[in-house]
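Only one structure is covered here, and it is reproduced in the block below.
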There are 2 protein chains.
Amino acid sequence: MSDEEEKSSGSDAWRGLGEFIRGQRELANLSMRQLAEIAKISNPYLSQVERGLYKPSADVLKNIANALHLSAETMYSQAGLLDNSGSRDESHHGVEHAIKVDPKLSVDQKESLIRIYRSFTAGS
Amino acid sequence: MSDEEEKSSGSDAWRGLGEFIRGQRELANLSMRQLAEIAKISNPYLSQVERGLYKPSADVLKNIANALHLSAETMYSQAGLLDNSGSRDESHHGVEHAIKVDPKLSVDQKESLIRIYRSFTAGS
DNA sequence: AGCACGTGCTTGGTATACTTAGCACATCAC
DNA sequence: GTGATGTGCTAAGTATACCAAGCACGTGCT
């Protein structure tokens, strides 16, 4: 069988997921052990997941999302599991819209934030 | 430790999921082998899943959903995996949350933006 | 110099998701 | 009747998700 195997699950999507999780964890200032504790998984496993060595199953994903105060949907879509085949145009422009709507910001502050945000995302 | 709920590994929800899959399969007039073929899984495994003996992982779930022309979200919520218990409302946290979730930003950029945002909203 | 405690990572094993070969029973044609 | 083809299910094995113990390194403290 010299057939080239190509399953439906591409392994590269999972690497991005790991980086995403690590980013969210660092953003929340949690150590691996802390997050692992909250998410009810072991810290070595979390380590592997964050480096893309394993693809966590759905309930683990859900637990991690919970621990990071994210919705499971966010996690799944990051993991490439949610497909959004319906092309539902849901929460798309978070940042700029959220800034514009925020009542605690002055207009100048909003402009500054959006300017910075756009400079950050200029490469994409 | 008073409460002993069905944690993330509650096996009850999975049985309902199996019945749901079987119902949808019969509704589509597909045999196990047909559905298994389309969903890229083996038919014995589909048999086990439909009777609640195993809890399929997320990508299998997604493949089955696709094969049955269902949205992955429907499948996940049937599996009890979505159950938005994570944080009650995602749009509620506004700017900070939108920043954290934005895939176009690096972790450092997120931290910078959040820091600036907090400095803006700290005074008033 | 130590040691106590933090971090993330490696090793080796167990549990379980998943597959391949085959069983038992149906419903057809011959 | 026998066989060919359908159905769902069982058994035994492989792959991998996951865990417990411990390693290697860093930082502060006495």
Side-chain angles (χ1 to χ4, degrees), chain A residues 1 3 5-15 17-68 72 75-76 79-81, chain B residues 6-15 17-68 72 75-76 79-81 107:
Chain A
M1 288 72 168
D3 200 0
E5 60 208 350
E6 182 180 57
K7 303 187 98 178
S8 61
S9 54
S11 300
D12 16 334
W14 298 99
R15 191 157 306 168
L17 171 70
E19 293 173 2
F20 174 75
I21 292 177
R22 172 158 297 189
Q24 295 299 315
R25 179 175 63 82
E26 291 175 347
L27 224 58
N29 279 316
L30 289 171
S31 76
M32 280 188 161
R33 283 165 221 268
Q34 287 173 317
L35 176 56
E37 169 89 4
I38 303 172
K40 290 162 196 150
I41 60 177
S42 65
N43 56 86
Y45 183 57
L46 180 58
S47 173
Q48 324 264 41
V49 165
E50 285 190 353
R51 286 179 306 151
L53 299 184
Y54 289 127
K55 44 184 204 178
S57 68
D59 39 356
V60 167
L61 230 42
K62 178 189 156 199
N63 283 336
I64 295 176
N66 270 332
L68 290 171
M75 215 62 177
Y76 292 147
L81 286 171
Chain B
E6 61 233 23
K7 305 193 322 192
S8 50
S9 310
S11 299
D12 325 341
W14 299 100
R15 189 156 307 173
L17 171 70
E19 293 173 1
F20 174 75
I21 293 177
R22 174 158 295 191
Q24 295 298 316
R25 178 175 65 82
E26 290 174 347
L27 220 60
N29 279 318
L30 290 170
S31 75
M32 281 190 162
R33 283 165 221 263
Q34 287 173 318
L35 176 56
E37 169 89 3
I38 303 172
K40 288 162 197 148
I41 60 177
S42 64
N43 57 86
Y45 183 56
L46 181 57
S47 172
Q48 322 268 40
V49 165
E50 285 189 352
R51 285 178 307 151
L53 300 184
Y54 290 126
K55 44 187 202 178
S57 70
D59 40 357
V60 167
L61 230 41
K62 178 190 155 198
N63 284 336
I64 295 176
N66 261 330
L68 289 173
M75 217 60 181
Y76 292 145
L81 284 172
V107 173

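Proteins come first, then strands; the chains are lettered A, B, ... in the order of their sequence lines, and each starts at number 1.
- Checked against dC19(D), dG8(C), dG8(D), the side chain of Ser31(A) finds its nearest nucleotide in dG8(C).
- A donor-acceptor distance shorter than 3.5 angstrom exists from the side chain of Tyr76(B) to the backbone of Leu81(A), with no hydrogens or angles considered.
- With rounding to whole Å, Tyr45(A) atom OH is found 9 Å from dT16(D) atom C1'.
- An OP1 or OP2 oxygen of dT7(C) is reached within less than 4.0 angstrom by no side-chain nitrogen or oxygen of Arg25(A).
- Using a 4.0 Å heavy-atom cutoff across all strands shown, Val49(A) reaches no nucleic acid atom at all.
- Shown here for Ala36(B) and Ser42(B), the closest heavy-atom pair between the two residues is CB-C, 3.8 Å.
- Nucleic acid contact class of Ser42(B) (heavy atoms, under 4.0 Å, all strands): base.
- For the pair Leu46(A) CG and dA17(D) P, the computed distance is 15 Å after rounding to whole Å.
- Comparing atom distances between the Pro44(A) side chain and each of dG8(D), dT10(C), dC18(C) picks out dT10(C) as nearest.
- At whole-Å resolution of the value, CE in Met32(B) and P in dC9(D) are 4 Å apart.
- If you measure from atom CG of Asn43(B) to atom P of dT7(D), you get 9 Å, rounded to the nearest angstrom.
- Closest approach of Lys62(B) and Ala72(B) over heavy atoms only: CG-CB, 4.5 Å.
- For the pair Leu53(B) CG and dT10(D) C1', the interatomic distance rounds to 11 Å; values are reported in whole Å.
- For the pair Tyr54(B) OH and dG13(D) P, the computed distance is 14 Å after rounding to whole Å.
- Phosphate proximity of dC9(D) to Ser47(B): present, with a side-chain N or O under 4.0 Å from OP1 or OP2.
- Residue Ser57(A) places no side-chain N or O under 4.0 Å from the OP1 or OP2 atom of dA17(C).
- For Arg33(B), the side-chain atoms get nearest to dG8(D) when compared with the rest of dG8(D), dC18(D), dC9(C).
- Considering CG of Leu68(A) and CG of Leu30(A), their distance stands at 7.0 Å, rounded to 0.5 Å.
- What separates NZ of Lys55(A) from C1' of dT16(D) is a distance of 9 Å, to the nearest Å.
- Atom C1' of nucleotide dG6(C) and atom CG of Leu30(A) are separated by 15 Å, given to the nearest angstrom.
- For Arg33(A) (side chain) and Asn43(A) (main-chain N/O), no donor-acceptor pair under 3.5 Å exists by modelled atom type.
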